[in-house]
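Chain identifiers are assigned alphabetically (A, B, ...) following the order of the sequence lines, protein sequences preceding nucleic acid strands; residue numbering begins at 1 within each chain.
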Amino acid sequence: MEEKTFSAIGSVARRKDGISKVTGREIYSSDVSLPNMLYARVLRSPYPHAKIVSIDTVEAEKMGAICITPDNIPKIRYNERQVSIPEKTYRDRRVLPHKVRHVGEGIAAVAARTEALAEKALRQLVVKYEEVQAVFDPFDAMKPGAPQLYEDVLLGDVTLPIENNIACPREVSEGDVDKGFNQADLIVENEFSTGRVYHSQMEPKSVVCRPEPDGGITVWPTTQSIHNVRQLLGRIFNIPLSKINVHRVPIGGTFGSSIQMNSPIAICVALALKSGKPVKLVLTREEDMYDHCKYPSLIRLKYGVKRDGTLTAGELTTVVDVGAHNIQAYPLLGCMSGWFVSLYRIPHMKFEGKTVYTNKVPACAMQGYGNPQVSFAVESTMDIIAEKLGVDPIELRLKNYVGLGETFWGQGPTVRSIIRSCGVEEMLIKGKEMIGWDKRGRPEEKTGRFRRGIGVGRSFHTSGTGAPMPGEVMDYSTAMVKVNEDGSVDFSTALMCHGGGTLEAGAKIVAEEMGVPLSMVGISPADTRSTGYDVCTHATRGVYCGGASLLKAAKSAKKILLEFAFRLIDVNPDALKIRADEESGQGIIYLEGAKGKSITIGEVAKTAQIKGWGTAIAVESHRQVNCPPCFVTNFIEVEVDTETGRIRPVRAVAAVDAGTVISPDLASGQLEGGLYRGIGLALLEDTDYDQETGELTCGGYLVDNKSFTVVDMPLVDDISTFFAETYEPSGPFGAKGVGEAANNCTAGAVANAIYNAIGIRFKDAPITPEKVLNALRENNQGERRQ
Amino acid sequence: MVNTRILTQEFDYLVPETTRETVEFLGQYGSEAKIIAGGTDLLTQLKQEKISPDYLINIMKISELNHIEEAGGLRIGSATKLCDLRQYCGKDGKYAALYEALCLLGKVQVQNMGTIGGNLCNGSPAADTAPPLLVFNARVKLLSKREERPLALTDFFKGVNATAMAPDEMMTEIRLETIPDDMGSAFMKIARVGADISKITCAAAVERHGDTCASCRIALGAVAPVPMRAKEAESILQGNRIDRSLVEKAGKKVAEEIRPIDDIRSTAEYRRFIATTLFKDVFWKAWQRAGGEEE
């Protein structure tokens with residue numbers, strides 16, 4: 001590996017958006033306020049499954065409200081997520097449907113001078129429903145005679161009949177799985193499940209839309225992809241893209257909930273077009289909870305293994321209850337097969353997945369996109385196998401993990417690349433020392449009311465979805481870098497920051513390549529008119545893919561800059577270097593070892609302006625042709641109160657192999673955030689439904705849909721994070737991703753720690769105190785139960 | 001769809017500066033009026049349209065309702081903020097059970113806005129301050145245009161979100177008995193997460209003479225329609241030499257006395273099962289404190 005010394009990369013600096021965020025001066029969608037703006041509210045179905053017979057808007061209109069119903073919006077069927085190629089895009093949604101398929105689905109909307117007035121007008125809408133029998137369980141939904149949510153949907157532009165509510169099936173197999181199982185000395189098969197977790201992002205989905213005099217629209221939405229929002233709005237409302245401008249607005253967290261074009265956006269646009277005035281629509285927390293959730297999982301997992309610990313075959317069967325809409329079920333299944341096959345080497349594999357429609361809130365991607373679910377099953381199973389074989393769980397993992405030089409297809413069967421950087425072993429060995437693995441003891445040795453256990457979990461996420469060959473998902477970014485006349489640098493990109501510091505990382509990449517101090521790099525506001533296409537900030541691709549496009553643009557701008565410098569100091573541009581000089585705040589262009597042969601970037605840029613040579617500016621589109629895994633490992637210690645069943649995470653070591661770490665402080669924060677989210681998946685979070693009414697039992701209220709708080713987490717001093725020392729040859733300055741990886745292995749590590757504490761294996765998350773106490777009471781003989 | 005952000009209801013907003021003025025309003029408007037103090041419970045109820053008053057009476061400008069003083073026991077003005085009371089009780093261990101309840105009640109924002117009177121008048125079976133106040137034999141002062149009447153807190157709670165307060169009455173003060181030197185107290189709460197409505201809470205106050213429990217009061221929250229005393233468990237301990245088996249016996253009795261239900265926070269079965277353990281934890285802590293033992 002080449003020895004690298006960096007200046008901006010790897011530094012800890014005050015975030016450029018830090019002050020505006022902590023002082024409340026950042027403008028989020030809900031803060032955008034325009035002259036003559038109206039406020040919108042959406043009428044939502046109280047029924048889980050019903051046809052809309054009629055909607056009477058007369059009374060609401062008498063109050064001065066502008067109303068829209070399914071009868072006066074475009075009749076387009078669309079998929080809100082624009083990441084898959086068209087022929088793999090399942091389209092089942094309309095802006096407002098004639099048939100509702102879950103409680104809380106929007107059926108009409110109003111806009112009025114104030115939000116309270118809009119809310120009052122909403123209540124004057126008279127809706128006639130014709131109720132249809134609903135189905136809430138995916139297995140019931142697949143039975144013959146079950147209520148059907150859809151007769152058909154569109155796959156691309158082709159009508160696809162839907163049978164037995166199966167949104168889409170997907171099978172993937174390699175080798176001969178029967179042969180593989182025949183070669184095994186031991187076969188282990190179990191069922192695992194995880195909850196239907198609400199994203200609980202801080203900012204509920206919001207949007208402001210202003211209709212323009214030329215028939216166009218300007219939009220300020222919560223989104224992870226401004227370009228996809230523009231494209232879809234163009235398609236739905238039949239407006240040329242040149243007349244639609246979507247602004248990037250800071251977002252109050254997403255966890256994946258805004259990968260798709262959020263449902264309120266098109267409703268808000270329809271109201272703005274009808275009223276001819278700007279309209280703001282901000283979901284209430286309760287509406288937001290009825291809008292989206294994580295894909296729950298039900299996984300049957302089978303492994304064949306030889307006595308020496310070598311895996312011979314693996315089979316994963318899953319049924320995913322996607323709720324009322326198919327947002328990204330097909331790629332989800334592809335990814336789940338990829339997460340499964342790329343974690344441990346299995347010469348023979350089979351994956352069989354079905355996604356099923358039910359009358360529940362539609363599920364969408366959430367941090368990890370099926371990976372926390374699969375890793376929970378796989379990592380739990382690794383510990384079960386290790387115990388059966390009598391080997392150390394870490395040894396078993398080291399023997400079977402997919403690593404350096406091997407083919408990796410985490411993002412599914414069409415996204416294959418070779419692993420060029422891998423810190424799996426380093427993280428397992430170092431983490432094991434840090435947590436005190438060898439002293440963790442065995443469950444049967446532990447006595448007393450409070451019992452502690454240590455568990456390990458490992459996983460990965462992909463860095464983006466790029467691949468040597470175009471697959472089923474799109475992936476590229478566009479960036480512009482320009483040198484200003486004082487030597488500072490601006491860059492623009494449609495990349496989004498969800499809070500984790502993606503744009504900050506972008507600034508560091510530009511600063512490093514251009515040789516300017518980080519403080520002299522400015523992040524331009526972005527909108528769809530002034531930026532090139534960027535697929536979406538999702539799939540842990542921000543730094544690895546988006547950052548790579550910035551690096552490419554910076555290289556091109558730098559080339560122009562050095563040509564200008566050549567004219568001034570008469571040194572071959574290829575021989576010139578640039579270094580950041582913090583004192584003068586300038587990048588200094590110089591020839592190594594030659595006194596006098598140096599000049600500041602500012603002087604070059606200013607001279608180029610005065611003499612009319614032009615601006616050092618470049619725009620580049622870039623697709624990564626690799627999809628490297630960012631590996632992650634957690635060691636977690638829990639304490640189980642055997643009298644109340646309460647589980648307290650007391651200590652954790654979290655490590656990531658992110659290649660070169662661009663922002664160590666923010667990457668550590670990601671690891672801690674991932675732990676938090678993963679512990680929630682393991683122990684707490686789920687949304688439950690009333691089987692009669694189809695309502696959320698929490699009513700959509702945060703007060704009864706809990707996330708852990710800081711006091712529920714291990715103390716700050718008891719959480720350690722570290723980075724594997726690797727370098728990804730295809731990444732910008734050797735970097736890979738972190739984001740989603742951070743929470744992928746946590747739930748498995750927690751379940752393994754609980755087993756180590758009390759000798760009981762829990763396979764159905766969330767592992768609540770009620771479940772633990774019941775299991776302990778049934779198990780008062782104290783025998784171990786895998 | 002009901003929500004907790006948009007307030008559509010219209011009402012007159014009254015801001016009296018004295019209790020006299022307040023009870024005049026209450027006398028006039030009765031059940032058409034609602035008192036608002038910190039608003040942490042009331043505002044969400046208003047937005048959820050669980051209540052729809054024509055008049056909202058803000059009592060936070062009334063200085064006589066905001067006090068904490070020792071005068072033959074503790075006197076607390078009903079509009080005293082939870083954070084102020086927490087700070088007061090944190091000075092020493094005298095009101096340990098109340099202090100612990102206040103520390104665990106909501107988080108900073110709720111403690112900074114919410115009031116002790118509000119926590120009680122809301123009538124929630126899960127009100128965190130109720131069990132400690134019950135074990136300190138608290139009495140409340142209810143004021144109306146008609147009269148001022150003291151009432152034992154045990155008689156104040158009448159059911160889920162129901163209290164003994166008449167529509168024209170307001171709570172002005174909470175009084176605690178003098179705490180004997182040999183009394184120790186403790187409070188514990190089991191909830192899903194920090195800053196949460198309780199699955200179950202328990203408070204105990206014990207007077208300890210050597211190995212003997214001279215008096216004992218036990219109260220629990222979120223396990224019956226009202227915050228409740230566990231009197232049968234108390235009588236097992238009262239006047240007796242304390243040992244593990246007796247405390248175990250009392251704990252079993254606590255589990256029998258409670259009347260928990262299944263709800264979104266937990267199950268009746270779970271609550272009953274952990275009640276014994278929770279009580280024992282609370283009792284031993286209070287017992288240690290009564291004996292001046294190291295914690």
(request) Mind listing the closest non-hydrogen atom pair of A:Arg123 and B:Thr8 along with its distance? (result) NH2-OG1, 4.0 Å
(request) Sort A:Asn774 into side chain, backbone, both or neither according to what part of it lies under 4.5 angstrom from a heavy atom of chain B. (result) side chain
(request) Provide the closest heavy-atom pair for B:Arg5 versus A:Val282 in the form atom of the first, atom of the second, distance. (result) NH2-O, 2.9 Å
(request) Determine whether A:Arg646 and B:Ile274 make a side-chain contact, defined as any pair of heavy atoms from C-beta on separated by less than 4.5 Å. (result) no
(message) Report which part of B:Gln9 has an atom under 4.5 Å of a heavy atom belonging to chain A: side chain, backbone, both, or neither.
(response) neither
(request) Give, as side chain, backbone, both or neither, the part of A:Asp704 having an atom under 4.5 angstrom from any heavy atom of chain B. (result) both
(request) Answer yes or no: is there a side-chain heavy-atom contact under 4.5 Å between A:Cys698 and B:Ile264? (result) yes
(request) Could you have a look at B:Ile197, B:Ile190, B:Leu7 and say which one has the most heavy-atom pairs with chain A under 4.5 angstrom? (result) B:Ile190
(request) Against chain B, label A:Pro769 side chain, backbone, both or neither, depending on which of its atoms sit under 4.5 Å from a heavy atom there. (result) both
(request) List the steps and the verdict of salt bridge (Lys or Arg N to Asp or Glu O under 4.0 Å) for B:Lys47 and A:Glu286. (result) CA-CA 12 Å; B:Lys47 290 172 177 175; A:Glu286 294 74 22; over 6 Å; no
(message) For a side chain to side chain contact (heavy atoms under 4.5 Å, CB included) check, start with the C-alpha distance between B:Met1 and A:Thr284, then their side-chain angles and the critical distance, and finish with the verdict.
(response) CA-CA 10 Å; B:Met1 179 177 286; A:Thr284 63; 5.6 Å; no
(request) Using a 4.5 Å cut-off on heavy atoms from C-beta on, say whether the side chain of A:Thr644 contacts that of B:Lys199. (result) no
(request) Against chain B, label A:Val42 side chain, backbone, both or neither, depending on which of its atoms sit under 4.5 Å from a heavy atom there. (result) neither
(request) Check each atom of A:Thr114 against the heavy atoms of chain B and say whether the ones under 4.5 Å are side chain, backbone, both or neither. (result) neither
(message) Within the 4.5 Å heavy-atom criterion, are B:Lys107 and A:Val711 side-chain neighbours or not?
(response) yes
(request) Go through the atoms of A:Val710 and report whether side chain, backbone, both or neither lie under 4.5 Å from a heavy atom of chain B. (result) neither
